[in-house]
Chemist: 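Please find one structure pasted underneath; my questions will follow.
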Amino acid sequence: MSKTQTLYAAFTGHLHAALDALEAAGTLPAGLKRGAITVEPPRDTAHGDLSTNAAMVLAKPAGLKPRDLAEALVAELSKLDSVTSAEIAGPGFINLRLSPAAWLAELRTIADLGADYGRSVMGGGTTVNIEYVSANPTGPMHMGHCRGAVVGDALASLLEFAGHKVIREYYVNDAGGQVQVLARSAHLRYREALGEDVGAIPEGLYPGDYLVPVGQSLAAEFGDRYAAAPESEWLALFQKKAVAAMLVMIREDLALLGIHHDLFSSEAELQASGKPDEAEAWLRARDLVYDGVLEAPKGKTLDDWEAVELPLFRSTRFGDDQDRPIKKSDGTWTYFGADLAYHFQKARNADALVDIWGADHAGTVKRIKAAVAAMTGADGDATPFEIKLVQMVQLLRNGEPVKMSKRSGNFVTLAEVVTEVGKDVVRFTMLTRKPEAQMDFDFAKVVEASKDNPVFYVQYANARVHSTLRKGAEAGFAPSGDNVELLGEEELELVKLAAQFPRIVEAAASAREAHRIAFFLGDLAAAFHGYWNLGNDRVDKRFINVADGKLTEARLFLAAQIGQLVRNGLALLGVEAVEEM
RNA sequence: GCGCCCGUAGCUCAGCCGGAUAGAGCACCAGAUUCCUAAUCUGGGGGCCAUGGGUUCGAAUCCCGUCGGGCGCACCA
């Protein structure tokens with residue numbers, strides 16, 4: 001890590017040093033919690049450059065009046081060279097103004113740190129396991145999986161950038177009924193590949209064509225050995241083969257989006273390893289699993305409902321609405337029973353867990369959170385565990401909904417969409433809305449080349465930087481950070497925005513919200529284009545000003561650093577920065 | 001019936017672990033425009049932050065109720 005410090009980090013440091021000084025002088029009691037103190041730009045720029053709530057936060061625990069404490073802090077902070085004014089405002093905010101030189105120096109910091117500008121040590125090297133995608137291995141990925149995949153992957157990159165170690169994990173649901181259906185569907189395709197006329201795919205099996213090559217390869221490998229054999233002879237084998245084939249396909253689909261997980265964890269292997277049994281025994285020993293009978297579901301009539309005694313996890317103790325079975329009446333594990341053991345395993349290898357789920361699984365959030373709390377919280381120090389629910393994406397084509405239904409096999413695959421509009425468009429667009437809000441994805445709009453399209457707008461900013469630097473070079477000018485103080489008021493505004501990036505990264509990482517990066521890039525691009533447009537009417541505001549070489553070089557330096565910042569942000573989102581459009 | 005998510009400008013959405021006068025784009029209105037790179041630019045109007053209460057120095061933000069939209073409510077995954 002470079003010693004170069006970004007402006008906000010430096011000021012946070014200055015503030016704490018000032019508080020230390022007040023403690024040393026006896027003005028402030030030692031040991032007050034400072035966690036709630038913020039250093040941020042005031043909402044209204046008329047109030048200054050930086051604002052801190054320190055005096056308001058600390059006044060009560062210190063037994064001081066906010067204004068008195070603020071005055072003492074102002075006295076300390078005023079000693080800094082870079083501070084041109086420090087004022088108390090409102091209920092006790094401290095507003096600081098910094099010298100232009102202090103801001104403009106941030107451009108050199110961006111240049112020094114380059115691709116590492118914005119990288120943070122906030123995470124302290126702790127390990128975060130982020131589980132995302134985890135689509136059932138029963139077919140290719142479709143658009144329903146896409147948003148969670150992108151959101152999870154961008155979040156993983158963001159957390160790494162913010163100083164965490166990250167494990168990108170995919171849970172493979174290769175046990176249970178659905179993969180048996182997959183095996184039977186593959187068997188049908190296998191018979192078909194052997195020349196049998198299988199007719200229409202029966203109800204209840206997967207009809208998709210993607211199983212045709214699986215059948216062919218099974219036929220090539222096994223001949224007609226299992227064509228007429230009873231299911232018991234081939235089910236497990238075909239299941240394994242078919243799942244493996246599906247995972248190859250899924251990995252290819254993910255690769256199209258630039259997504260590569262560190263770990264694929266198999267539910268079947270987890271079960272075979274006895275982990276769920278261990279978890280059950282551990283929970284039973286603490287009376288957190290008992291044998292009981294569930295009530296019939298309310299508000300819904302099930303004709304085949306019957307009361308059966310099952311091993312139940314006491315999730316109600318941890319806020320769930322009812323206790324949840326971990327095993328079925330046939331003795332096999334429920335999805336939840338295995339998932340519980342799986343999360344326990346993940347928790348042992350990480351300091352914090354994040355799951356990215358589709359909103360259709362919202363109903364199971366409480367039970368798994370309960371399980372993690374129960375299993376990791378025994379010593380009073382539960383593993384932090386967050387579930388991010390990603391809402392549905394409605395696919396549109398020129399405003400008309402695109403129909404899809406997985407059952408009929410007539411769904412829009414991720415591969416089709418990526419092929420049509422491109423990886424970068426898909427990824428960026430998925431991050432232009434907060435994940436918990438529903439979203440429309442219109443094939444026509446996302447590829448539009450206009451300022452209404454944020455993907456284009458941000459890409460264009462970097463392309464414009466690039467062409468500007470090229471033009472500059474043709475005119476004989478190279479970017480230089482030596483004379484940044486020549487830059488004026490408008491350039492300063494751009495730098496002030498750019499300097500936000502490190503704190504945006506930290507805030508986005510701690511909120512687990514990668515979309516904030518996308519929005520910041522939109523703002524930055526808008527500011528850059530706005531600055532550019534000044535040159536439309538005012539020739540003196542253009543980047544390249546042959547009459548003033550030093551100023552031109554400083555402006556090119558500014559452009560170069562904005563480009564760097566756009567690239568850093570896009571890298572977090574997994575979007576490539578293009579140099580020409 | 002119950003749980004979760006959402007409700008902010010005409011539209012699409014940011015802002016939400018409390019902070020100062022609530023933001024952006026589109027649309028609308030009025031101007032500018034043979035411009036380094038281009039997919040125009042500048043300015044303006046527009047808000048009971050769904051709604052009713054509560055918490056407090058302070059609420060779009062936290063809590064409770066109501067209304068509206070979405071998702072879900074199996075021994076499925």
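We name chains A, B, ... by the order of the sequence lines, and we start the count at 1 in each one.
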Chemist: Just call it for Arg542(A): base, sugar-phosphate, or nothing, with non-hydrogen atoms closer than 4.0 Å on any strand.
Modeler: base
Chemist: Provide the distance between the two P atoms, one in G52(B) and one in A60(B), to the nearest whole Å.
Modeler: 13 Å
Chemist: Are Leu155(A) and Glu513(A) close enough that some pair of their side-chain heavy atoms sits under 4.5 Å apart?
Modeler: no
Chemist: Take atom P in G15(B) and the same atom in C5(B), then report the distance between them in whole Å.
Modeler: 16 Å
Chemist: P atom, C62(B) versus G19(B): distance in rounded Å?
Modeler: 10 Å
Chemist: Kindly say whether, by distance alone, the side chain of Ser329(A) makes a donor-acceptor pair under 3.5 Å with the base of C75(B)?
Modeler: yes
Chemist: Figure out the CG/C1' separation between Asn533(A) and C36(B), and round it to whole Å.
Modeler: 12 Å
Chemist: Donor-acceptor pair under 3.5 Å: do we get one between Asn95(A)'s side chain and the base of A20(B)?
Modeler: yes
Chemist: So what's C11(B) paired with, Watson-Crick or G-U wobble, going by both distances under 3.5 Å?
Modeler: G25(B)
Chemist: Pick base, sugar-phosphate or nothing for Phe543(A), based on heavy-atom distances below 4.0 Å to the nucleic acid.
Modeler: base
Chemist: Can you tell if the side chain of Tyr171(A) reaches within under 4.5 Å of the side chain of His343(A), non-hydrogen atoms only?
Modeler: no
Chemist: Would you say the ring centers of Tyr531(A) and Phe543(A) fall short of 6.0 Å from each other?
Modeler: yes
Chemist: Within the side chain of Asp68(A), is there an N or O that forms a donor-acceptor pair under 3.5 Å with the backbone of Leu64(A)?
Modeler: no
Chemist: Compare the aromatic ring of Phe93(A) with the six-membered base ring of G19(B) and state whether they stack according to the 5.5 Å and 30° rule.
Modeler: no
Chemist: Classify the side-chain pair Tyr8(A)/Glu506(A) by whether it contains a donor and acceptor separated by less than 3.5 Å.
Modeler: no
Chemist: Between G45(B) and G23(B), how far apart are the P atoms? Round to whole Å, please.
Modeler: 12 Å
Chemist: For the base of C36(B) and the side-chain ring of Trp532(A), does the geometry meet a stacking cutoff of under 5.5 Å between centres and under 30° between planes?
Modeler: yes
Chemist: Taking atom types as they are modelled, would you say the side chain of Ser51(A) forms a donor-acceptor pair with the base of A20(B) within the 3.5 Å cutoff?
Modeler: yes
Chemist: Taking the same atom, P, in C29(B) and in U34(B), what whole-Å distance lies between them?
Modeler: 23 Å
